[in-house]
K.L.:
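Got a structure here, written out as structure tokens. Questions coming.
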Amino acid sequence: MQYLDNIFFLILLIAGFGLFGKSLFKIYRNIRLGREINRSDRKPERWETMARVAMGQSRMVKRPVAGILHLFVYVGFVIINIELIEIIVDGIFGTHRFLATIFGHTFYNIFTATLEVLAILVIIGVVLFFIRRNFYGVKRLTMKELFGWPKNDANWILIIEFALMVFFFTMNSSDFILQQRGVLAEHGSFPISEVTLVPFLNIFSFDTGFLVFVERAAWWLHFVGILFFMNYLYYSKHLHIILAFPSTWYANLDLYGKFNNLDSVTAEIKLMMDPNADPYAAPAEGAVAEAPSKFGAEDVFDLNQVQLLNAYSCTECGRCTSVCPANITGKKLSPRLILMKTRDRLEEVGRNIDKNGKFEDDGKKLLNDYITKEELWACTTCNACTEACPVLLDPLSIIFEMRRFLVMEQSAAPQELNLMMTNVENNAAPWQYNQADRLNWAKD
């Protein structure tokens, strides 16, 4: 009977990490539905970018208030969860404050005191974020596209993080009082708990048995809360906690907005430009005719894997949309919504596969069913969205690919663009005038 707690803990631990692993596998499978893309070049630069942007939060501090608060929450929450190692060992083997025996008295005091300082910074950060998101009226956080689940999801994350820190302080404060009463051996330093919850608990003069119950309850709630938070990430925009790292590593290191040439089109143009080439020549003997690929993207299968990873990594902060000139001037386009809709469609495809064992045509596409032509053609390709994103996501590349499909597969470009392309074809310039007059401007 004395091992029931340990067995129950182990079952929860395996179930929690098992479900988390299953969720990560689904995300990986869904991302793999996209086209392969080679982003393994310039490795030193990619490692440096990931360390600077994902770990160092270098782009977050461009907006100092939000950036500093995010740093509090991010650094504090990640480092505090180092204590999960201690919780796991204690839960499996029935020990108490296992790391105290490893670190020694002095270093463990520094360790626990540091965690407490970080925990109070997390609480300050999430409270201010909650007020800012719900009562301060930041435009990019109150837009219609965030109504419903996106807003509720953001609030739930803040509430969960606040609750986890409260459980953490409750565990430490009751532990400290039990140490003072000689029930537990002295270990750790709790500077925040000593001036906050400890005086509150002492006012009521709770008996030792009740304090043991409070300490154990807070310990279990903190552990279960971490498992819940970890598995909630799959349903939340906060996947960026994990996916920001691969997203920044696989980020586009070329110039923002650089249009990628299609190999098939490039080969065709080279053939046209080669005076010695015979366009009617039969393929070489033994050559296998390759089926032409689709030009551009109509659905998530046509996007590359990094673009799908970007869709999962979007934290819906809206920095991209807040600087988008099309959105600012009242157009329908929102770069944030491009990524959100791509993720929604990808999740729908994933559920289709879960249900049927493979994808079965559901009569829907990313184009038109999720993202409209109006949104795509409103984009000015100014790159403000890619420049503003704190984790180097690239909604512009998705817009490029979907435009390419409209033009090259459906010939569905707006009339203004069709006229421009006709002029380029006939006059080698976007304007409609005689080729003989092309240099008249130089004589003025």
Side-chain angles (χ1 to χ4, degrees), residues 5-6 8-9 12-13 69 72-130 157-230:
D5 284 356
N6 309 80
F8 181 62
F9 178 91
L12 280 180
L13 184 68
L69 290 177
F72 285 171
V73 176
Y74 166 74
V75 174
F77 194 75
V78 169
I79 294 178
I80 288 168
N81 280 320
I82 293 175
E83 193 187 34
L84 184 61
I85 298 171
E86 183 176 61
I87 290 175
I88 290 173
V89 173
D90 287 346
I92 293 174
F93 297 102
T95 54
H96 185 76
R97 300 279 181 177
F98 161 76
L99 288 179
T101 60
I102 303 298
F103 289 164
H105 182 75
T106 301
F107 188 73
Y108 190 72
N109 283 357
I110 295 171
F111 172 69
T112 53
T114 301
L115 294 188
E116 287 235 330
V117 172
L118 291 173
I120 197 64
L121 291 178
V122 171
I123 286 181
I124 292 170
V126 297
V127 169
L128 292 178
F129 271 139
F130 188 87
I157 284 290
L158 295 174
I159 291 169
I160 292 169
E161 290 178 344
F162 180 84
L164 286 174
M165 295 305 103
V166 170
F167 296 147
F168 175 75
F169 280 122
T170 303
M171 175 181 71
N172 285 349
S173 57
S174 53
D175 193 300
F176 178 77
I177 296 174
L178 290 171
Q179 290 180 44
Q180 289 183 317
R181 296 183 182 182
V183 178
L184 296 174
E186 289 190 13
H187 43 237
S189 175
F190 313 108
I192 307 300
S193 294
E194 285 185 44
V195 298
T196 54
L197 283 178
V198 168
F200 173 78
L201 293 173
N202 281 331
I203 289 174
F204 296 96
S205 300
F206 292 123
D207 62 51
T208 299
F210 181 75
L211 285 175
V212 170
F213 170 77
V214 170
E215 192 275 336
R216 286 292 84 195
W219 185 88
W220 276 100
L221 287 170
H222 186 69
F223 169 67
V224 173
I226 290 172
L227 294 183
F228 176 80
F229 178 84
M230 185 171 66

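Remember, it's a predicted structure, so these values are computed and weren't measured experimentally.
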K.L.:
A side-chain contact here means heavy atoms from C-beta on lying under 4.5 Å apart; do Asn6 and Phe93 qualify?
P.N.:
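No, side chains not in contact.
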K.L.:
Looking at Gln179 and His187, would you say the former's side chain and the latter's main chain have a donor-acceptor pair under 3.5 Å?
P.N.:
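Yes.
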K.L.:
If you define the side chain from C-beta out and look only at heavy atoms, does anything of Arg97 sit under 4.5 Å from Leu184?
P.N.:
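Not in contact.
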K.L.:
When you measure from the side chain of Glu86 to the backbone N and O of Leu99, does any donor-acceptor pair fall under 3.5 Å?
P.N.:
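Indeed, once roles are kept as given, a pair shorter than 3.5 Å links the two residues.
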K.L.:
Are there over 12 heavy-atom neighbours, none belonging to Gln180, within less than 6.0 Å of that residue's CD?
P.N.:
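Counting neighbours around CD of Gln180, more than 12 heavy atoms of other residues, nucleotides or ligands fall under 6.0 Å, so yes.
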K.L.:
Can you tell me how far the CZ atom of Phe103 sits from the CD1 atom of Ile110, to the nearest 0.5 Å?
P.N.:
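So the CZ of Phe103 and the CD1 of Ile110 are separated by 11.0 Å.
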K.L.:
Using 0.5 Å steps for rounding, measure from the CG atom of Leu13 to the CZ atom of Phe8.
P.N.:
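Between atom CG of Leu13 and atom CZ of Phe8 there are 12.0 Å.
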K.L.:
Decide side-chain contact (heavy atoms from CB on, under 4.5 Å) for Val183 and Leu211; before the verdict, give the C-alpha distance in whole Å, the side-chain angles of both, and the deciding distance to 0.1 Å.
P.N.:
CA-CA 10 Å; Val183 178; Leu211 285 175; over 6 Å; no
K.L.:
Can you find a heavy atom in the side chain of Asn109 that is under 4.5 Å from one in the side chain of His105?
P.N.:
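Of all side-chain heavy-atom pairs linking His105 with Asn109, at least one is under 4.5 Å.
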K.L.:
Using the ring of each side chain (for Trp, its six-membered ring), is Phe111 parallel, tilted or perpendicular to Tyr108, with breaks at 30° and 60°?
P.N.:
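Geometry flag for Tyr108 against Phe111: tilted rings.
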K.L.:
Ignoring hydrogens, what is the shortest heavy-atom contact between Thr112 and Ser189? Give both atom names and the distance.
P.N.:
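Closest heavy-atom pair between Thr112 and Ser189: OG1-N, 2.7 Å.
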K.L.:
List the atom of Trp219, the atom of Gly91, and the distance in Å for their closest heavy-atom pair.
P.N.:
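That would be CH2-CA, 3.7 Å.
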K.L.:
Would you say the rings of Phe223 and Phe9 are close, in the sense that their centroids are separated by under 6.0 Å?
P.N.:
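Between Phe223 and Phe9, which both carry aromatic rings, the centre distance is below 6.0 Å.
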K.L.:
If you count heavy atoms of other groups shown closer than 6.0 angstrom to CZ of Phe162, is the number above 12?
P.N.:
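Count not over threshold, so no.
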K.L.:
Any chance you could measure Phe190, atom CZ, to Glu116, atom CD, to the nearest 0.5 Å?
P.N.:
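Those atoms lie 6.5 Å apart.
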K.L.:
Please give me the minimum heavy-atom distance between Asn172 and Ser193, naming the atom from each residue.
P.N.:
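In this case the closest contact between Asn172 and Ser193 is CB-OG, 3.6 Å.
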K.L.:
Output yes when a side-chain donor or acceptor of Glu161 lies under 3.5 Å from a complementary backbone atom of Val122, and no otherwise.
P.N.:
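Not at all, since once roles are kept as given, no pair shorter than 3.5 Å links the two residues.
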K.L.:
Please name the residue in the list Leu164, Leu158, Leu121 that meets the side chain to side chain contact (heavy atoms under 4.5 Å, CB included) test with Val126.
P.N.:
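One option only clears the test, and that one is Leu158.
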K.L.:
From Ile120 CD1 over to Thr196 OG1, what is the distance, rounded to the nearest 0.5 angstrom?
P.N.:
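OG1 of Thr196 is found 6.5 Å from CD1 of Ile120.
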K.L.:
Please identify which of these residues, Asp90, Thr101, Asp175, meets the side-chain hydrogen bond (donor to acceptor under 3.5 Å, both in side chains) condition with His96.
P.N.:
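Single pass found, and it is Asp175.
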K.L.:
Could you give the distance from CG (Leu221) to CD1 (Ile226), rounded to the nearest 0.5 Å?
P.N.:
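The distance works out to 11.5 Å.
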K.L.:
Please examine the side chains of Leu69 and Val73, heavy atoms only from C-beta on, and report whether any two atoms are closer than 4.5 Å.
P.N.:
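Side-chain contact under 4.5 Å: no.
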K.L.:
Please round to the nearest 0.5 Å and tell me the distance separating atom CZ of Arg216 and atom CG of Asp5.
P.N.:
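Arg216 atom CZ to Asp5 atom CG measures 8.5 Å (nearest 0.5 Å).
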K.L.:
Quick one: does Thr170's side chain get under 4.5 Å of His222's, heavy atoms only?
P.N.:
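No; the side chains remain at least 4.5 Å from each other.
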K.L.:
Walk me through it: do Leu115 and Phe168 pass the test side-chain contact (heavy atoms from CB on, under 4.5 Å)?
P.N.:
CA-CA 10 Å; Leu115 294 188; Phe168 175 75; 3.8 Å; yes
K.L.:
In sequence, state the C-alpha distance, the side-chain angles, and the governing distance for Ile87 and Phe98, and then conclude on side-chain contact (heavy atoms from CB on, under 4.5 Å).
P.N.:
CA-CA 8 Å; Ile87 290 175; Phe98 161 76; over 6 Å; no
